[in-house]
Amino acid sequence: MIYPSQFSSDQLLEILTQAKTATAIHSTDEMIIETANDAMIAIWGKDKSVIGKPIEEALPELKGQPFLGMLQSVLHTGQTISGSDTRADLVVNGQLQPFYFDFEYKAITNAEGQVICVLHTAVDVTERYLGRQREMELEAELQAANEELASTNEELAASNEELGASNEELASTIEELTVTNEELAESQAVLQSMNISLAESESRFRNMIAQAPVGICIVRAGDLMIQEVNNAYLELVGRQRADMENRTIWEAMPQAAPVYAPVMNEVINSGIAFHASEHEFTFTRNGQTEQVFVNFVYEPVTYADGVMKAIMVIAFEVTDQVLARRKIEQSENRLNSMVMTAPIGMTVLRGRDLIIEIANDPMYEIWGRTPQQVLGKKLMDVFPEIADQPFPKMLQDVFTTRKRLAIPEMAVKLMTPLGEVNYIIDFAYDPLFDLDGNVEAILTTVTNITDQVNAREELQKARDTLKQAIDSAEMGTWSVQLSTDELTVSEQGRKMHGLTNDAKLTLKESLKLIAPEHLDRVKNAIQMAIETNQSFDVEYIINPADGSKSRWLKSTGKAYYSDDNRPESIAGTMIDITESKAYDQQKDDFISIASHELKTPVTSLKAALQLMDRMKEKEDLSTQIMAKLIEQCNRSMDKISTLIEDLLNLSRMNEGQLKLDKSNFNIADLLANCCNHVRASGKHELITTGDKSLNVFADEHRVDQVIVNMVNNAVKYAPNSKEIVFKIEKKGTAVKISVKDTGPGISPEKLSHLFERYYRTDASGYQNSGLGLGLYISAEIVRKHGGEIGVDSELGKGSTFWFTLPLK
Ligand code: ADP
C-alpha cells in the first residue's frame with residue numbers, strides 16, 4: 001500500500017495540536033515517524049531527528065517488544081489497539097529503562113475508509129504505576145504483617161491450650177512445666193508486645209491453675225504471701241481456702257516451715273528451681289491425720305523483664321504409688337530372704353528370657369556352679385543341655401497359663417564342671433506377677449531327691465527280696481497296733497489260722513485260737529519282747545478258726561516304739577511248723593525205736609557171750625550148747641548188721657551219696673539167687689513167674705536190696721503166706737517186678753504213707769518190725785533208676801509190692 005504524504009505541515013500541526021498528550025504519527029509499512037510532538041520525543045528520550053525515520057530505526061530498542069507488531073496490525077486492520085500501564089523499555093539518557101504507559105494506536109482513515117496513518121498517543125504513567133505498585137507491595141506487607149499477627153495470636157491461643165493440656169504432663173515431668181512456663185512467659189512477653197490483653201491471658205492462666213489436677217500454689221517472691229492456690233493444693237494439704245488466702249506460705253503451713261522455708265529462700269535467691277521427690281508429710285485431711293508422700297517443685301516464675309515475681313509450688317501426691325512400691329519392695333525382700341534361707345534349691349528366673357536373678361546355695365550345689373557363673377545370665381545360655389529336656393517348654397507355659405506347675409520325681413541331666421550328672425528332682429514353678437497381673441518371673445523350687453529315690457528303690461528291692469523269701473518259705477507276716485489292738489495278718493498267715501481274708505482281727509481274739517496249754521507262754525513271750533525291746537521266738541499249737549486240724553506255729557516278732565519310747569506296734573512273721581514238728585517227733589520216735597530195736601539183739605548177744613564166758617572153763621561144756629549159743633550170737637549180729645545197714649543207707653541218702661553202679665543182668669537170675677535165708681528157713685516158698693528172659697541195665701546190688709526188703713517184709717508182716725510170688729512183666733519200655741504175699745493186707749489210708757521215712761504201721765505184734773526205713777530206701781533206689789514203686793493191697797487178701805525199672 002502506498003501512503004502518499006498528502007498533508008501539509010499546517011495540517012499535520014493541526015492534527016498534532018489535537019493531541020492532548022504525547023503524540024506521534026506513523027505511516028506506511030516502514031512505519032515512518034511522520035511527526036512526533038515534543039512530549040513524545042521526550043518520552044522516547046530522543047531528538048527531533050527521529051522524524052521522517054522508520055520507527056524501527058529511530059527506536060531500535062523496540063525490537064523484540066510487542067509495539068512494532070501492534071503498529072503493523074493497526075495499519076493493516078484499521079483496529080485501534082490501546083493499553084494502560086503497559087511496560088516499554090526505552091533507551092533514555094543512554095540507558096535502557098523500563099517505563100509504563102497508557103497508550104493508544106489509533107487508525108486514521110481517509111474518506112474511502114483506507115488507513116492512511118496511525119495516531120500514536122501515550123501518557124507516561126511510570127510514576128503512577130510504580131507508586132501503585134509500591135502501594136500494593138506495602139499493602140501486601142501490611143497484610144502479611146497482619147496475618148503474622150493473627151497467627152501469632154493463634155499460636156498464642158494454641159500454646160495456652162497446650163499449656164492447659166500439659167497440666168497432666170506437668171505432674172509427671174516437672175521439666176516440661178519449666179519449658180511450658182518459659183513458653184508462657186514468652187507468650188506473655190509476645191502478648192504484651194502485640195498489645196493482646198494481658199489481663200485476659202492472666203485470667204486464663206488463673207483458670208488453668210484453678211483447674212489443674214496437680215496442686216499449685218503461687219507465692220509472691222518478696223513477702224511470701226500466697227497469691228494463688230488451687231483446690232487440688234488445698235485438698236492435698238487438707239486446708240480451707242480461708243486458711244491460706246492473705247497469709248504467707250509459712251503462716252499457712254507452719255509445720256513445713258522449719259525444713260522448707262530455707263529451701264524456698266534458696267530458690268528465690270538463686271533463681272534455680274527445687275525438685276522434691278516422695279517427701280513425707282503429715283497432713284490432717286477430713287479430720288484424719290495421714291502420712292502422705294508428695295512430689296513437688298518450687299519453680300521461680302520470672303516475667304518478661306527478667307525479674308522474679310513469684311514461686312510457683314506445684315505438688316502432687318504419690319502416696320499410693322510409694323506405698324505400692326514399698327509393698328512390692330517388701331515382698332521382693334521377703335522373697336529374696338525366703339529364697340536365700342530356704343533349705344531347698346530356689347531360684348528366680350526373670351522374663352521369658354529366663355534371666356537367673358537370684359539363687360540360693362542349695363541351688364548352686366545342684367547346678368555345680370558359682371553365683372558369678374550364673375547370675376544375670378540366661379538359663380539356656382548357662383545350661384544349653386536342657387534345651388531338649390521338657391523344662392524350657394514348661395517354663396514358657398507358666399508365663400502363658402499363669403498357673404503353678406509342680407512335678408515330682410523328674411529326671412534331669414545337667415553338665416557340671418565335673419561332667420554329666422543325672423538327678424531326680426521334685427520341682428515347682430510358681431509364677432510371680434507384676435502390678436498389672438502379668439507373669440514377670442518364675443520362682444523355681446528344686447529338691448534333689450536322687451538319693452532318696454535310689455534308697456527307696458534299694459529298699460523296695462530289699463522288700464521284694466524279703467517278700468519272695470517270705471512267700472517261698474510260706475511264711476505269714478503279722479503286725480499289731482498296740483493302741484487299738486488291731487491285728488493285720490498276711491494272706492498266708494490267715495490261711496494258717498483258718499481265717500477268711502476279710503475278717504477284722506484283734507490280737508485278743510486271735511490269742512483265743514492258741515491251745516490253752518501254750519497260751520501263757522505265748523503271751524509272756526510277747527510281753528517280754530515289748531518290755532525288753534528284744535525280738536521273741538515262740539512255738540505253739542493253734543486250733544484254727546475253721547475247725548481244721550491243730551497246727552504247730554512258730555512266731556517271731558519285735559516291738560516298735562514311738563519317738564518318746566512308747567511301744568506302738570509289734571510286727572513279725574509266722575510259719576507253719578506242723579510238718580517239721582511231726583518229723584521231729586518221728587525222728588525222736590525213730591531214735592527210741594532204733595535204740596529199742598538194737599537193744600534186743602545186743603541184749604541177747606550179750607547174754608550168749610556171758611554164758612559162753614562162764615562156761616569156757618567148764619569141761620562138761622557140750623558142743624551142742626556151744627553151737628546154739630554161737631548161732632544165737634550170729635542171729636543177733638545179723639539183726640544188728642541189718643539195722644546198721646539201714647542206718648548207713650539212710651545217712652548216705654541224706655547226704656545224696658547213693659551212687660548207682662549199673663550193669664546188664666537178667667532179673668530172673670537175680671530173683672533165683674536172692675533171699676536164700678528165706679528159702680533156707682523153709683517156711684515160705686519163693687516162686688518166680690512171668691518173662692524170665694528180661695534183662696535190665698541197673699545196679700544189681702541195689703535192686704537185690706529192694707527185693708530182699710520186700711521179701712523180708714512179707715516174711716515179717718505176712719508170716720502165714722505159704723507162697724511168696726515174684727512176677728516179671730514188660731510194661732512198655734520198663735520192666736515191672738512184683739512181690740506178692742497172702743498176708744493180712746494194708747488198710748487204704750495207710751497205703752500212701754508206706755514209702756515215707758520212719759513210717760511204720762502199728763508194729764505191735766510183729767517181733768521183728770524194723771525202723772520204718774526199708775520201703776523209704778527202696779523207693780529212693782527205684783526213683784534214682786528212673787522207675788516207679790507202689791503197692792496194691794486188700795485187707796484180708798494180701799499185698800503186692802512192685803517196682804519198675806527202665807529196660808535200657
Ligand atoms: P520196717 O522197717 O518197719 O519194716 P518198712 O518201710 O519196710 O519198714 O515198712 C513199713 C511198714 O509197712 C511196716 O512197718 C509195715 O507195717 C508195713 N508193711 C510192709 N510190708 C508189708 C506187708 N507185706 N504186709 C503188711 N504190711 C506191710
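Both ligands and their constituent atoms are indexed starting at 1 by order of listing.
Contacts between Phe801 and ligand 1 below 4.0 angstrom, taking non-hydrogen atoms only, involve the side chain exclusively.
Near Ile746, meaning under 4.0 Å from any of its heavy atoms, are these atoms of ligand 1: 25 (C), 26 (N), 27 (C). Within ligand 1, the atoms closer than 4.0 Å to a non-hydrogen atom of Asn709 are 7 (O), numbered from 1 in the order shown. In summary, the atoms of ligand 1 found under 4.0 Å from a heavy atom of Asp741, numbered by their order in the structure, are 22 (C), 23 (N).
No side-chain N or O of Lys549 forms a donor-acceptor pair with one of Asn543 less than 3.5 Å apart.
Within the 4.0 Å heavy-atom cutoff, Lys716 counts among the residues contacting ligand 1.
By heavy-atom distance, the residue among Leu795, Val791, Leu754, Asn712 lying nearest atom 12 (O) of ligand 1 is Leu754. One option in Leu775, Val715, Asp646 has a heavy atom closer to atom 5 (P) of ligand 1 than any other, and that option is Leu775.
Distances between N or O atoms of Asn713 and those of ligand 1 include at least one value under 3.5 Å.
Aromatic rings of Phe391 and Phe427 (six-membered ring for Trp) have centroids within the 6.0 Å cut-off, being under it.
Between the side chain of Gln389 and the main chain of Lys413, a donor-acceptor pair closer than 3.5 Å is present.
Both tests do not hold together for Lys581 against Tyr583: distance to the six-membered ring centre under 6.0 Å, angle to the ring axis within 45°.
Salt-bridge annotation for Lys784 and Glu780: absent, with no side-chain N of the basic residue lying under 4.0 Å from a carboxylate O of the acidic one. A salt bridge does not link Arg463 with Glu457: none of the charged nitrogens is closer than 4.0 Å to a carboxylate oxygen.
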